[in-house]
Amino acid sequence: MSTKADESQHPKFNSRKVTVVYVLGGPGAGKGTQCTKIAKEFDFCHLSAGDLLRAEQNREGSQYGDLIRTCIREGTIVPMEVTIKLLEIAMSKEIESRTSGNWSNGKGRFLIDGFPRKMDQAVAFDETVCSASLVIHFTTTEDVMLQRLKERGKTSGREDDNDESIKKRFRTHIEQCMPVIQHYSKLGKLLEIDCSGSIDDVYELTSEAIGRLLS
Ligand SMILES: Nc1ncnc2c1ncn2[C@@H]1O[C@H](COP(=O)(O)OP(=O)(O)O)[C@@H](O)[C@H]1O
Ligand SMILES: O=c1ccn([C@@H]2O[C@H](COP(=O)(O)OP(=O)(O)O)[C@@H](O)[C@H]2O)c(=O)[nH]1
Ligand SMILES: [Mg+2]
């Protein structure tokens with residue numbers, strides 16, 4: 001994978017054709033869980049930035065494997081060029097592969113889960129790939145997130161679902177991700193959803209918001 005900038009006109013996807021929803025929230029808030037459900041009901045493509053990074057980390061021949069592994073373990077943010085390129089490639093592939101229904105004529109709907117987590121990524125993605133239509137922020141306490149991560153850690157096999165990494169990820173969320181959330185709040189694109197309740201309760205609120213966006 002090369003991160004060399006291409007020379008096409010920016011942004012790559014027109015936000016009137018391609019609907020992008022960023023899904024943010026602290027580690028363990030339930031972003032992935034809600035995105036999976038929304039993608040099924042509303043014909044969105046769910047792209048988890050973390051999953052794309054983990055796949056790139058494990059890809060034979062990747063020049064970014066060690067960098068990604070270190071960032072994930074330390075709970076820091078991988079340089080934006082890497083993550084943006086992975087997302088852009090995944091979006092292009094999905095649009096090319098779908099030719100009917102909501103996706104005809106190069107249209108598309110994407111839930112971008114766990115991205116952008118830092119201001120530089122937010123500005124660069126909006127300007128060069130696609131401007132987000134909506135930003136969902138799942139909010140709850142660190143205690144709730146910690147319990148969920150501990151439970152997930154029993155089976156996830158993730159190198160960052162341990163006490164030390166979790167502490168660092170909480171700090172990164174406050175220091176790097178909260179400014180992104182404030183940025184979208186100022187732009188009037190932010191929707192905060194309390195995710196303290198059950199998966200079904202949170203889904204009810206989330207699906208209502210997506211329904212409004214698409215209506
Ligand atoms: N509303 C909820 N109530 C209880 N557990 C939840 C809820 N949402 C998600 N979980 C569980 O918490 C863990 C973290 O959820 P996940 O979707 O992976 O969060 P994130 O992607 O934000 O880190 C998973 O084990 C998931 O099954
Ligand atoms: O845009 C992103 C998204 C994720 N990550 C890294 O990937 C890790 C795991 O992200 P993921 O979204 O999978 O974690 P979750 O919040 O779902 O637990 C983060 O802590 C970061 O180190 C990153 O660098 N940039
Ligand atoms: Mg996740």
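For ligands, and for the atoms within them, numbers begin at 1 and follow the listed sequence.
Looking at Val78 next to ligand 2, an N or O pair under 3.5 Å apart turns up. Considering backbone and side-chain atoms together, Arg169 places an N or O closer than 3.5 Å to an N or O of ligand 2. By the 3.5 Å distance cut-off applied to N or O atoms, Ser48 is not counted among the residues near ligand 2.
When the heavy atoms of Arg148, Lys154, Arg152, Gln34 are ranked by distance to atom 18 (O) of ligand 1, first place goes to Arg152. Nearest-residue assignment for atom 19 (O) of ligand 1 (options Gly30, Ser196, Gly197, Gly114; heavy-atom criterion): Gly30. Nearest-residue assignment for atom 23 (C) of ligand 2 (options Leu53, Asp51, Leu149, Leu86; heavy-atom criterion): Leu53. Here atom 12 (O) of ligand 2 lies nearest to Arg117 when heavy atoms of Arg73, Arg158, Arg117 are compared. The residue among Ser48, Gly28, Ala29, Gly32 with a heavy atom at the shortest distance from atom 21 (O) of ligand 1 is Gly32.
Annotation for Cys195 and Val202: closest pair CA-CG2, 3.6 Å, computed over non-hydrogen atoms.
Donor-acceptor pairing under 3.5 Å is lacking for the side chains of Thr83 and Lys118.
Remark: minimum distance from atom 7 (C) of ligand 1 to any protein heavy atom is reached at Ile199 CG1, 3.4 Å. With hydrogens left out, the protein atom closest to atom 9 (C) of ligand 1 is Thr33 OG1, 3.4 Å, a heavy atom. With respect to atom 22 (O) of ligand 2, the closest heavy atom belonging to the protein is Thr76 O, 2.6 Å. Of the protein's non-hydrogen atoms, Lys31 NZ, 3.8 Å is the one closest to atom 17 (O) of ligand 2. For atom 8 (C) of ligand 2, the closest heavy atom belonging to the protein is Ile72 CG1, 3.9 Å.
With a 4.0 Å heavy-atom cut-off, ligand 1 is reached by no atom of Ser156. The proximity of Gln121 to ligand 2, defined as any non-hydrogen pair under 4.0 Å, is limited to the side chain. With a 4.0 Å cut-off on non-hydrogen atoms, Arg54 touches ligand 2 through its side chain and not its backbone. Of the heavy atoms in Thr172, none comes closer than 4.0 Å to ligand 2.
Of all the atoms in ligand 2, the ones that sit under 4.0 Å from a non-hydrogen atom of Gly114 are 1 (O), 2 (C), 3 (C). Within ligand 2, counting atoms from 1 as listed, the ones closer than 4.0 Å to a heavy atom of Ile77 are 24 (O), 25 (N). Near Pro27, meaning under 4.0 Å from one of its heavy atoms, ligand 2 places the atoms 16 (O). For ligand 2, the atoms lying closer than 4.0 Å to a non-hydrogen atom of Phe115 are 1 (O). Close approach to Thr83 involves these atoms of ligand 2, each under 4.0 Å from a residue heavy atom: 1 (O).
A heavy-atom separation below 4.0 Å is found between Cys71 and ligand 2. Heavy-atom separations between Met80 and ligand 2 are all 4.0 Å or longer.
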Determine, stepwise, if the pair Tyr22 / Tyr184 fulfils ring pair (Phe, Tyr, Trp, His ring centres under 6.0 Å).
CA-CA 10 Å; Tyr22 296 146; Tyr184 288 110; 5.7 Å; yes
Chi angles and distances behind the side-chain hydrogen bond (donor to acceptor under 3.5 Å, both in side chains) call for Ser196, Asp194
CA-CA 6 Å; Ser196 312; Asp194 184 342; 2.5 Å; yes
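Distance alone, capped at 3.5 Å, places no donor-acceptor pair between the Ser62 side chain and the Arg59 backbone. For the pair Asp126 (side chain) and Ala132 (backbone), a donor-acceptor distance under 3.5 Å is present. With Ser185 contributing its side chain and Leu190 its backbone, the two residues share no donor-acceptor pair below 3.5 Å. Under the 3.5 Å distance criterion, the side-chain polar atoms of Lys31 are matched with a main-chain donor or acceptor of Gly25. At least one donor-acceptor pair closer than 3.5 Å links the side chain of Gln34 to the backbone N or O of Ile199. Side chain of Arg117 to backbone of Gln176: no donor-acceptor contact under 3.5 angstrom is found.
In this structure, the side-chain hydrogen bond (donor to acceptor under 3.5 Å, both in side chains) partners of Ser156, at least two apart in sequence or on a different chain, are Asp161. Legend: residues meeting side-chain hydrogen bond (donor to acceptor under 3.5 Å, both in side chains) with His173, ordered by chain and number and at least two apart, are absent.
We find that Asp43 and Lys107 are not joined by a salt bridge, their nearest charged nitrogen and carboxylate oxygen being 4.0 Å or further apart.
Ring to ring, Phe125 and Phe115 are close: their centroids are under 6.0 angstrom apart.
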